[in-house]
Amino acid sequence: MPGSLHILGAQHPHATAAAALDALGIDGPVAVVSAGWRHDEGELGALARALGRDLVGLPVYRWFDELEATAPELIEAWHGRQARIRAYKQAYAIELRAAMEVQERLEQRAGRDADILREEIAFAREAVRTLDARCIARLDQIRAGFPDTLAPWEHPAVAPRHARLATLLDGVQAVVMVGGHVAVLLNRMGFFGLDRLLTARHADGLPIVAWSAGAMVLTERILLFYDDPPDGAGDPHVLDRGLGLLPDLTLLPHGRQRLRTEDLDRMHRLCTRLGRRRGLLLDSGAWIERRPDGTLVDHGRTGTACIVEPDGGLCALRPGDEAEAEEAPAPSEPIDDGALLAALGRAVDAGEADAVPRFVASHRFPVCGERTATFFWWTGEPVDEVTLVHWVFGLESRIPLYRLGHTQAFYRRVELPPTARVEYKLEVRRGEQRRWLRDPLNDQQAFDPFGSNSVCAMPGYREPEWTRPDGDTRRGHLQRFVLHSDVYGQDRTVVVYLPHEYKPQKRYPLLICHDGSDYRRFAGMVDVLDVLIDRHEVMPLVVAFIDGGERNLEYGADPRQPDHVVNEVLPAVTERFGVSTDPSERGVMGASFGGVASLFTAWRHPGVFERLLLQSGSFVFTDIGHHGRSELWDPVVGFINQYRTDPGRIDARVFMSCGRFESLIAYNRALVPRMRKAGLDIRFRESDDGHNWICWRDHLRDGLTWLFPGRLWMHYD
């Protein structure tokens, strides 16, 4: 009789594996498959303490590395096969995106042409499922083209290890399969025939407890998914065959983190993609027992395991395999600010004394429509004049508000893009006295080194959810040290971010960040790093935050700053922390003049940093005449003019971003094609925002994932 299968969600922060082993009555040794964690495969101490059992590691990742020396021809053939598979997967992704786009566009038109499009939609859905099935068939075909790797566990160099695995499995009471990189886990298991051994032992009664990537391997077909990846359309795609122990399920670990579960259309599209398989969403705290009769029994935290229903909704499992549908949130409607103002004006004209205070009490300000924002002033006290002061390049920077009738209320509708985010103040005049104030009716603020501003966010702007860690996010930590700078003749404090998994003996990519204190305080960069690294969108990296003394002078293409970064900061960080010495794993970043300092550092010391993150760079140049700015800009303009004539000195991957509402946008746009022509691998992003820290924060995900990409598609811990 087959053994039990216990399928768990992520073990952080809600661990369920020990309870599952207790329920199975396991008190003896347990085998652990942890190849998905690669170089951490052998570090089982913490897991042994958490499970309270003696663990037997099955070190298939380490064994594969050892065979590089003893069976190089076999390993070379295996790598060649994997290269062919990766090449095919790129073609599959292109085909899949085209088929998914057809399906999406037809479904969007279904409401008005339902009868005629019903068959076409069914055909489009079947085309997507056919591509998935063909993917499996093509993988089998590619493998057949490499006969030496069809059964590598039979190779003389591998067979002893295969036999060792069989012996180890005979001596344990259960197998635990943990998370990590699902493709690596599957790959190494297949190389040593561990997948075959596990399937056979399970059929003979050996229980398996698995979570995240380890659980995905148990299915018949492994689907990778992420609705909002930093790059690409986020189409779920087939990885490979699994062990087939869960033939009617597609497992979706970290489901609420990786899927837009509130988007019923998208979830319905996912459900139709699965065919006869049910999607089982697993969050931390989930614990599902799969019984031999196919019944799913929920032993975990309520609501952490859900079935995706045909309409895209979620049904939370209950004990006894009952399900309860979750309600989807109702969509919000845009506000017609023009109609609201017109109604208020009529009420004022009709002499309603409480019209203005009633209006103020019942609305949030500014009142934002789809493409207009109404700025409003009223405190009940007399004022002579109110002016909107904002920082939107292309609009008048000072816009007077209109008085509403004979009241002390003032208003002004301003046309803005639907995704705009604007920082502003209100200038209030009483007699000869003028004061700049934050909007008293608006509690939304943004901070910078000079104070704070009020914020108008249009309906299309959304604060990124990845800027806010939750209670489950594994946090990194900061260390400080004082560095004496001979370049500047003074001590400088360097603050170093270490990711939550940091181990001194390992080597991590390094990013040096200009204006480090401001990035931490005003852009929340430590929180951003914690979230993106924890979600495997960004690889674990070390970040050294540095600050200037006379900031604008030092960062404005001053030769001292590159020397300080390369000859003082870099060696000091390398000496104290486990960071890579590979230039392709070292980066430098900054915003505004910090962007100039970063580019100038790479220019003055080519080959040291091959990753550049440049935000709203003050890349002012001239083709003829004076630049029209203060003398502080003279070295900057001189450097950028020189760089434009010879951009090839830098060889790096570059991320640039800029707000459309700042005067620097034209300079940044003009620089990008020159950098591309010089062969730089560059990505450029714009947004409807200005020269401020929140604009820079909102581009950090794009920048960090472009320069230091994690393994989000295949990593499920």
Side-chain angles (χ1 to χ4, degrees), residues 86 89-90 93-94 96-97 100-101 181-183 223-237 239 252-261 263 266 270 419 421 460-470 473-474 476 497 499-500 508-509 511 513 519 523-541 543 584-585 587 589 591 610-616 652-659 672 680-689 694-717:
R86 286 192 295 271
K89 284 294 188 67
Q90 293 173 354
I94 295 170
L96 181 62
R97 175 81 294 262
M100 291 291 293
E101 185 175 358
H181 194 287
V182 63
L223 189 74
L224 305 178
F225 58 95
Y226 207 118
D227 276 353
D228 295 296
D231 186 31
D235 300 320
H237 60 264
L239 172 66
L252 307 170
H254 306 279
R256 285 182 175 82
Q257 173 184 308
R258 291 173 173 257
L259 296 171
R260 281 183 253 149
T261 55
D263 187 338
R266 191 173 181 88
L270 173 64
T419 59
R421 180 189 166 280
Y461 172 80
R462 294 286 184 273
E463 182 178 55
E465 46 82 23
W466 44 264
T467 64
R468 301 181 302 277
D470 57 30
T473 302
R474 288 164 291 194
Y497 170 87
H500 71 269
Y508 296 84
L511 177 62
C513 177
Y519 262 106
M525 189 165 169
V526 170
D527 286 343
V528 171
L529 288 166
D530 283 341
V531 173
L532 296 182
I533 292 173
D534 188 55
R535 286 162 49 158
H536 309 294
E537 297 189 15
V538 171
M539 65 179 67
L541 74 158
V543 181
S584 69
E585 294 186 335
M589 67 172 288
E610 294 185 7
R611 297 290 184 267
L612 304 180
L613 201 163
L614 313 174
Q615 300 195 277
S616 299
R653 171 171 278 206
V654 181
F655 177 84
M656 290 175 60
S657 68
C658 197
V672 170
L680 274 71
D681 192 7
I682 185 169
R683 176 167 292 175
F684 179 56
R685 292 289 185 264
E686 301 179 3
S687 60
D688 291 321
D689 208 330
I694 298 303
C695 178
W696 301 330
R697 178 202 68 181
D698 289 357
H699 286 293
L700 284 175
R701 183 186 192 231
D702 282 348
L704 292 171
T705 55
W706 171 243
L707 300 177
F708 302 100
R711 302 182 180 94
L712 63 90
W713 271 109
M714 297 189 185
H715 217 114
Y716 303 81
D717 65 0

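Just the heavy atoms: all of them, side chains too, but no hydrogens, waters or symmetry mates, feed the values below.
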Minimum-distance pair of heavy atoms, taken over all atoms of [X] and [Y]:
| X | Y | answer |
| --- | --- | --- |
| V543 | C513 | CG1-CB, 4.2 Å |
| S584 | R611 | O-CZ, 3.4 Å |
| P540 | P509 | O-CD, 3.3 Å |
| V528 | A523 | CG2-O, 4.2 Å |
| L712 | P230 | CD2-CD, 3.2 Å |
| P464 | D698 | CD-OD1, 3.5 Å |

Report the C-alpha distance between I533 and H500 in whole Å, list the side-chain angles of each, state the deciding distance to 0.1 Å, and finish with yes or no for side chain to side chain contact (heavy atoms under 4.5 Å, CB included).
CA-CA 9 Å; I533 292 173; H500 71 269; 4.2 Å; yes
Taking NZ, NE, NH1 and NH2 as the nitrogens, is one of them in R266 or D227 under 4.0 Å from a carboxylate oxygen of the other?
yes
Output yes when D263 and R260 qualify as a salt bridge under the 4.0 Å nitrogen-oxygen rule, no when they do not.
yes
Could you tell me whether the side chain of [Y] reaches within less than 4.5 Å of the side chain of [X], counting heavy atoms only?
| X | Y | result |
| --- | --- | --- |
| M589 | F655 | no |
| E537 | D228 | no |
| V531 | T467 | no |
| L511 | L704 | yes |
| M714 | L224 | yes |
| P709 | M539 | yes |
| H254 | H715 | no |
| L270 | P236 | yes |

Is there a donor-acceptor pair under 3.5 Å between the side chain of D470 and the backbone N or O of T473?
yes
Quick check against the 3.5 Å criterion: does R653 have a side-chain atom that pairs as donor or acceptor with the backbone of W706?
yes
With [X], which residues qualify under ring pair (Phe, Tyr, Trp, His ring centres under 6.0 Å), at least two apart?
| X | answer |
| --- | --- |
| Y519 | W693 |
| Y461 | none |
| Y226 | none |
| H181 | none |

Rounded at 0.5 Å granularity, tell me how far [atom1] in [X] sits from [atom2] in [Y].
| X | Y | atom1 | atom2 | value |
| --- | --- | --- | --- | --- |
| M656 | S616 | CE | OG | 9.5 Å |
| L707 | L541 | CG | CG | 10.0 Å |
| L532 | D527 | CG | CG | 10.5 Å |
| R685 | D702 | CZ | CG | 5.5 Å |
| S687 | I694 | OG | CD1 | 11.5 Å |
| Y508 | F708 | OH | CZ | 15.0 Å |

E465: partners by side-chain contact (heavy atoms from CB on, under 4.5 Å), with sequence neighbours left out
R468, R535
Under the salt bridge (charged side-chain N to carboxylate O under 4.0 Å, His left out) definition, can you give me all pairs with a residue in residues 704-717, not counting sequence neighbours?
R474-D717
For the pair W466 and V538, evaluate side chain to side chain contact (heavy atoms under 4.5 Å, CB included) and give the outcome as yes or no after the intermediate values.
CA-CA 12 Å; W466 44 264; V538 171; over 6 Å; no
Test E463 against R697 for side chain to side chain contact (heavy atoms under 4.5 Å, CB included), laying out the working first.
CA-CA 10 Å; E463 182 178 55; R697 178 202 68 181; 3.2 Å; yes
